[in-house]
2 protein chains.
Amino acid sequence: MAADGVEEVLAVLEGRWKILILFHLFSRSVLRFSELEKAIPAISQKMLAQQLRDLERDGIVQRTVHPQVPPKVEYALTDIGQKLCPALDALLEWAALRKSSLDGGR
Amino acid sequence: MAADGVEEVLAVLEGRWKILILFHLFSRSVLRFSELEKAIPAISQKMLAQQLRDLERDGIVQRTVHPQVPPKVEYALTDIGQKLCPALDALLEWAALRKSSLDGGR
DNA sequence: CAGTATCCCCACTGATACTG
DNA sequence: CAGTATCAGTGGGGATACTG
């Protein structure tokens, strides 16, 4: 059954911030740690670092360290990460659909 | 920004079991409470009931009580719930893609 | 059959402080 | 700048028992 696939996706995308992080990487393509912090004000450094590590471990984001002082680290989607975009888009489309049906229905 | 949409989706689909439940309703169309229990052995009654209430409250699943003894309650996707299917499919496709790229890559 | 009601735990998350 | 270390709290979720 395809339920295995569901579990896979769930395991990889679970976590309060991952989809939000992916969304920002999706629309801006390359972001530094501090830029992600600014983009998602509610997230703590610890959580940002942790979720980025998870996403990196799962092969969804690419972490690039530029050997400089001060340090510069950039995050971008990997190839397979890019391919998540259509699915995230479908989710957003559905959200829009739902919102309009909610408004139209009253 | 479309980030609002992300938050919406997150709020509605959050919870360890919702997407799994939706997947089963998606493939079987109508299921009784006990059928969902069998389909998702790892879920507890409490969680199943709770997540179904959430999904019902958010207008994604339709709960139908048949006045009988013993009780019979059926769950199905609403109209807007049905429209989530393409997005879930995209997620599953991505999972398959990812799995094959993982296998092929070694 | 289809749920509630209770109790309880620990994993996720946050806040703060520190560092290469 | 880009993290790690440490401590502490909360509530999401599990186990069990009970009910219309």
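Predicted model, so just to flag it, every value in this text is computed and none were measured. Just the heavy atoms: all of them, side chains too, but no hydrogens, waters or symmetry mates, feed the values below.
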Side-chain N or O of [X] closer than 4.0 Å to phosphate OP1/OP2 of [N]:
{"X": "B:Arg16", "N": "C:dC12", "answer": "no"}
{"X": "A:Arg32", "N": "D:dC1", "answer": "no"}
{"X": "B:Ser34", "N": "C:dA2", "answer": "yes"}

Open item on the list: Both A:Trp17 and A:Gln45 contact DNA chain C. Which one's nearest nucleotide lies toward the 5' end?
Closed with: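 Comparing both residues, the 5'-ward one is A:Trp17.
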Starting at atom [atom1] of [X], determine the distance to atom [atom2] of [N], rounded to an integer number of angstrom.
{"X": "A:Ile43", "N": "D:dG3", "atom1": "CD1", "atom2": "P", "value": "12 Å"}
{"X": "A:Leu48", "N": "C:dT13", "atom1": "CG", "atom2": "C1'", "value": "14 Å"}
{"X": "A:Met47", "N": "C:dC12", "atom1": "CE", "atom2": "P", "value": "9 Å"}
{"X": "B:Leu31", "N": "C:dA2", "atom1": "CG", "atom2": "C1'", "value": "15 Å"}
{"X": "B:Glu74", "N": "C:dA2", "atom1": "CD", "atom2": "P", "value": "9 Å"}
{"X": "A:Lys38", "N": "D:dA2", "atom1": "NZ", "atom2": "C1'", "value": "13 Å"}
{"X": "A:Tyr75", "N": "D:dC1", "atom1": "OH", "atom2": "P", "value": "14 Å"}
{"X": "A:His66", "N": "D:dG3", "atom1": "NE2", "atom2": "P", "value": "12 Å"}

Task: B:Gly5 versus A:Ala95, closest heavy-atom pair with distance - done: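 The pair with the smallest heavy-atom distance is O-CB, 3.8 Å.
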- [ ] May I ask you to say what A:Gln51 touches in the nucleic acid, namely base, sugar-phosphate or nothing, with a heavy-atom cut-off under 4.0 Å?
- [x]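 The answer is sugar-phosphate, as A:Gln51 gets under 4.0 Å only of primed atoms, P, OP1 or OP2.
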- [ ] Identify whether the distance between the nearest side-chain nitrogen and carboxylate oxygen of A:Lys99 and A:Asp103 falls below 4.0 Å.
- [x]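 Looking at A:Lys99 and A:Asp103, the cut-off is not met.
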Open item on the list: Checking contacts here: which listed nucleotide (C:dT4, C:dC1, D:dG14) is nearest the side-chain heavy atoms of B:Arg53?
Closed with: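 The answer is C:dT4.
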- [ ] Tell me which of A:Glu37 and B:Gln50 sits closer to the 5' end of DNA chain D, going by the nucleotide each one is nearest to.
- [x] A:Glu37
Residue pair [X] / [Y], side-chain heavy-atom distance below 4.5 Å:
{"X": "A:Arg63", "Y": "A:Arg53", "result": "yes"}
{"X": "A:Val6", "Y": "B:Leu91", "result": "no"}
{"X": "B:Leu22", "Y": "B:Leu13", "result": "yes"}

Open item on the list: Could you identify the nucleotide paired to C:dG20, looking across every strand shown and requiring Watson-Crick or G-U wobble geometry with both distances under 3.5 Å?
Closed with: D:dC1
Open item on the list: Please check: side-chain N/O of A:Trp94 versus main-chain N/O of B:Ile80, any donor-acceptor pairing under 3.5 Å?
Closed with: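 Side chain of A:Trp94 to backbone of B:Ile80, a donor-acceptor pair under 3.5 Å: yes, one is there.
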- [ ] Answer yes or no: is there a donor N or O on one side and an acceptor on the other, between the side chain of B:Arg98 and the main chain of A:Gly59, under 3.5 Å?
- [x] no
Check the interface with nucleotides 5-11 of chain D: list each N/O to N/O pair with the protein under 3.5 Å, or write none.
none

